[in-house]
Amino acid sequence: MKLLVMGPPGAGKGSQARKLIRDFNLEHISTGDMFRQSAERGEELGKKAMEYINDGNLVSDEITNRIVKKKLFEEGANTCFLLDGYPRTVTQAHALDDMLQEMGSKLTAVINIVVDKEVILERMVGRRVCRDCGYTYHTHFKPPKEEGVCDKCGGELYQRPDDKLESVRNRLRIYEEKTRPIIDYYKGRGVLVNINGMQSFEAVYRDIRKALRDLT
Ligand code: ADP
Ligand code: AMP
């Protein structure tokens, strides 16, 4: 299975991706995680990317396509994967098509998580992430047992700089302008599935599983 999970920032892509990769044994390819991890390793690419990320802007198509292509070709055509946060522009969607064609592969489904703007803002400003294992919490909807401490590994929870209100507003504007048009790009191909993301974590996951069953 080769999946793509789409949706505005804060829609719940990462939260749902975590369950999907576990249940279907998929390689999780999150471009946001790749940039953050590269920055933590002190690499030039990551440090440069963070300048864009912290203000809520997109990293260039050229850099983003390059890291995804490297990863996909390292994994090979037989690897089942879930792309999370990529593509984010129509140019990236074309590049992904070229990569998959070159590998003799294609997408099984594009899952589009639909969430209203008000819900997004609430989710993003409350998001907290573990510095050590990357597990995601929410101050109201998914609080850790002990404030500021990861249930999974005991690591410190922090607020991503791009989850501050000003960055979030910029990210939403960019989503509307650059990313939303991709939905139409995939609509005509019979692989797009719209999922109501304004439900509990469990209900969203149940709907995704049902949609995948119907498709395959
Ligand atoms: P994305 O990967 O799309 O940016 P996340 O999965 O990180 O989104 O979710 C954003 C925030 O919203 C997180 O704090 C997460 O815990 C919370 N969240 C995600 N899905 C739901 C849901 N169905 N109900 C309530 N909160 C949610
Ligand atoms: P995410 O972790 O998916 O919320 O991504 C965090 C940030 O990383 C985004 O706001 C962008 O700045 C950058 N980023 C992630 N994926 C992409 C992409 N496909 N294209 C450009 N920038 C990206």
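We count ligands from 1, going down the list as the structure has it; atoms in each ligand are counted the same way.
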Item checked: Min N/O separation Lys13 to ligand 1 under 3.5 Å -> yes

Notebook entry, point to check: Contact between Arg160 and ligand 2, counting heavy atoms under 4.0 Å?
Noted result: yes

Margin query: Any heavy atom of Phe35 closer to ligand 2 than 4.0 angstrom?
Written below: yes

State the [atom1]-[atom2] distance between [X] and [Y], to the nearest 0.5 angstrom.
X: Thr79; Y: Leu72; atom1: OG1; atom2: CG; answer: 9.0 Å
X: Met6; Y: Asn194; atom1: CE; atom2: CG; answer: 9.5 Å
X: Lys178; Y: Thr89; atom1: NZ; atom2: OG1; answer: 8.0 Å
X: Leu4; Y: Thr108; atom1: CG; atom2: OG1; answer: 10.5 Å
X: Thr64; Y: Tyr86; atom1: OG1; atom2: OH; answer: 7.5 Å
X: Asp132; Y: Glu40; atom1: CG; atom2: CD; answer: 8.5 Å

For [X], take its heavy atoms, then give the atoms of ligand 1 lying under 4.0 Å from any of them.
X: Tyr137; answer: 13 (C), 14 (O), 16 (O)
X: Phe141; answer: 25 (C), 26 (N)
X: Gly14; answer: 1 (P), 2 (O), 6 (O)

Next item on the list: Output yes when a side-chain donor or acceptor of His28 lies under 3.5 Å from a complementary backbone atom of Leu20, and no otherwise.
Entry: no

Check: Does NZ or CZ of Lys152 lie under 6.0 Å from the centre of the six-membered ring of Tyr135, at an angle within 45° of the ring axis?
Finding: yes

Margin query: Whether Arg131 engages the ring of Tyr158 as a cation-pi pair (distance to the six-membered ring centre under 6.0 angstrom, angle to the ring normal within 45°) should be assessed.
Written below: yes

Can you list the atoms of ligand 2 that are under 4.0 Å from a heavy atom of [X]?
X: Arg36; result: 2 (O), 6 (C)
X: Thr64; result: 18 (C), 19 (N), 20 (N), 21 (C)
X: Gln92; result: 18 (C), 19 (N), 20 (N), 21 (C)

Item checked: Cluster overlap Val115 with Ile183, hydrophobic side-chain contacts below 4.5 Å -> no

Notebook entry, point to check: Do Val5 and Ile120 belong to the same hydrophobic cluster, where Ile, Leu, Val, Met, Phe, Trp and Tyr are linked whenever their side-chain heavy atoms lie under 4.5 Å apart, directly or via other members?
Noted result: yes

Which residue and atom name correspond to the protein heavy atom nearest [atom], and how close is it?
atom: atom 13 (C) of ligand 1; value: Thr136 CG2, 3.7 Å
atom: atom 20 (N) of ligand 1; value: Phe201 CE2, 3.3 Å
atom: atom 15 (C) of ligand 2; value: Arg88 NH1, 3.2 Å
atom: atom 13 (C) of ligand 2; value: Ile53 CG1, 3.7 Å
atom: atom 8 (O) of ligand 1; value: Gly12 N, 3.2 Å
atom: atom 16 (N) of ligand 2; value: Thr31 OG1, 2.7 Å

Notebook entry, point to check: Between Arg171 and ligand 2, does any nitrogen or oxygen pair lie at a separation below 3.5 Å?
Noted result: yes

Notebook entry, point to check: Is the shortest N/O to N/O distance between Val59 and ligand 2 below 3.5 Å?
Noted result: yes

Item checked: Passing option when Leu83 is tested against Val110, Thr31, Leu96 for side chain to side chain contact (heavy atoms under 4.5 Å, CB included) -> Leu96

Note to self: Please work out, at 4.0 Å between heavy atoms, whether the side chain, the backbone, both, or neither of Ser200 comes within that distance of ligand 1.
What the structure shows: backbone

Margin query: Side chain, backbone, both or neither: which applies to Gln199 and ligand 1 if a contact is any heavy-atom pair less than 4.0 Å apart?
Written below: backbone

Margin query: Here's a test for you: under salt bridge (charged side-chain N to carboxylate O under 4.0 Å, His left out), which of Arg18, Arg209, Arg206 qualifies with Asp23?
Written below: Arg209

Next item on the list: With atom 15 (C) of ligand 1 as the reference point, say which of Ala11, Ser15, Gly126, Pro9 has the nearest heavy atom.
Entry: Ser15

Checklist line | Met124, Arg127, Arg123: member with heavy atom nearest to atom 7 (O) of ligand 1 | finding: Arg127

Next item on the list: Please state which part of Asn57 comes within less than 4.0 Å of ligand 2, counting heavy atoms only: side chain, backbone, both or neither.
Entry: backbone

